Amino acid sequence: MRAPETIRQRRDFLAANQGRRVPSAGFVLLVRQREDGSDTMRAGYTVTKKVGNSVIRNRLKRRLREIVLLTLPAHGHSGADHVLIGRDAGLTRDFAQLRTDLEKALAKAHLPLKPKETDRK
């Protein structure tokens, strides 16, 4: 199981904000199909200062990274950016429940299949 590539540039986070948004108890999932022709899945994580100090925010980001590592290879959308915005409840929510929430959110955020080159004509 290979970890998804990490989104690091602000413009990629802003682009993901234009995609599908699926709220959950511990996080908000943003999914946007990239049009760069690559099938690589990418993931990004962000937590606002409203959640807590840097120690709390980093703890939540570590939890989000781990559920993405366990869930995204099987349930993620290939060629898409996945951004998780952490919420307060993500710190206290049971890890198994948080993982189930991500699976449900990925199912809700299903993206339409890209038309093949031969189907366009």
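The shown structure was predicted, so the numbers you read here are calculated from the model rather than taken from an experiment.
- The NE2 atom of H75 sits 10.5 Å away from atom CE of M41, with the distance rounded to the nearest 0.5 Å.
- Rounded to the nearest 0.5 Å, atoms OG1 (T46) and CZ (R10) are 10.5 Å apart.
- In this structure the side chain of V22 never reaches within 4.5 angstrom of the side chain of L106, judged on heavy atoms.
- With Y45 as reference, V68 is the one residue of V68, L60, I7 to meet the side chain to side chain contact (heavy atoms under 4.5 Å, CB included) rule.
- For Q33 against S78, the heavy-atom pair with the smallest separation is NE2-O, 3.2 Å.
- The minimum heavy-atom distance between R99 and L70, with the atom names listed, is NH2-O, 3.3 Å.
- The CG atom of L64 lies 12.0 Å from the CZ atom of R87; values are rounded to the nearest 0.5 Å.
- Rounded to the nearest 0.5 Å, atoms CZ (R32) and CZ (R42) are 9.5 Å apart.
- Among all heavy-atom pairs drawn from V31 and A109, the shortest one is CG2-CB, 3.9 Å.
- H82 places no side-chain N or O within donor-acceptor distance of the main-chain N or O of G44, the cut-off being under 3.5 Å.
- The shortest distance between side-chain heavy atoms of L30 and F13 does not fall below 4.5 Å.
- Cluster membership check: V28 does not share its hydrophobic cluster with L84, using side-chain heavy-atom separations under 4.5 Å among Ile, Leu, Val, Met, Phe, Trp and Tyr.
- Look at R34 and D81 and you find a salt bridge, because one of the NZ, NE, NH1 or NH2 atoms lies within 4.0 Å of a carboxylate O, short of that distance.
- One distance of note links CZ of R62 with CD1 of I67; it measures 14.5 Å at 0.5 Å rounding.
- Taken from CD in E103 to CG in L98, the straight-line distance is 11.0 Å, to the nearest 0.5 Å.
- For the pair L69 and P73, the tightest heavy-atom approach, listed with the atom from each and the gap, is O-CD, 3.5 Å.
- With R63 contributing its side chain and G90 its backbone, the two residues share a donor-acceptor pair below 3.5 Å.
- Here the closest heavy-atom approach between residue A25 and residue A89 is recorded as O-CB, 3.3 Å.
- When the salt bridge (Lys or Arg N to Asp or Glu O under 4.0 Å) test is applied to D101, the partners found at least two apart in sequence or on another chain are R93.
- Taking both residues in full, the closest heavy atoms of V51 and D88 are given as CA-OD1, 3.3 Å, listed atom of the first, atom of the second, then distance.
- In this structure, V47 is not a member of the same hydrophobic cluster as I85, with clusters built from ILVMFWY side-chain heavy atoms closer than 4.5 Å.
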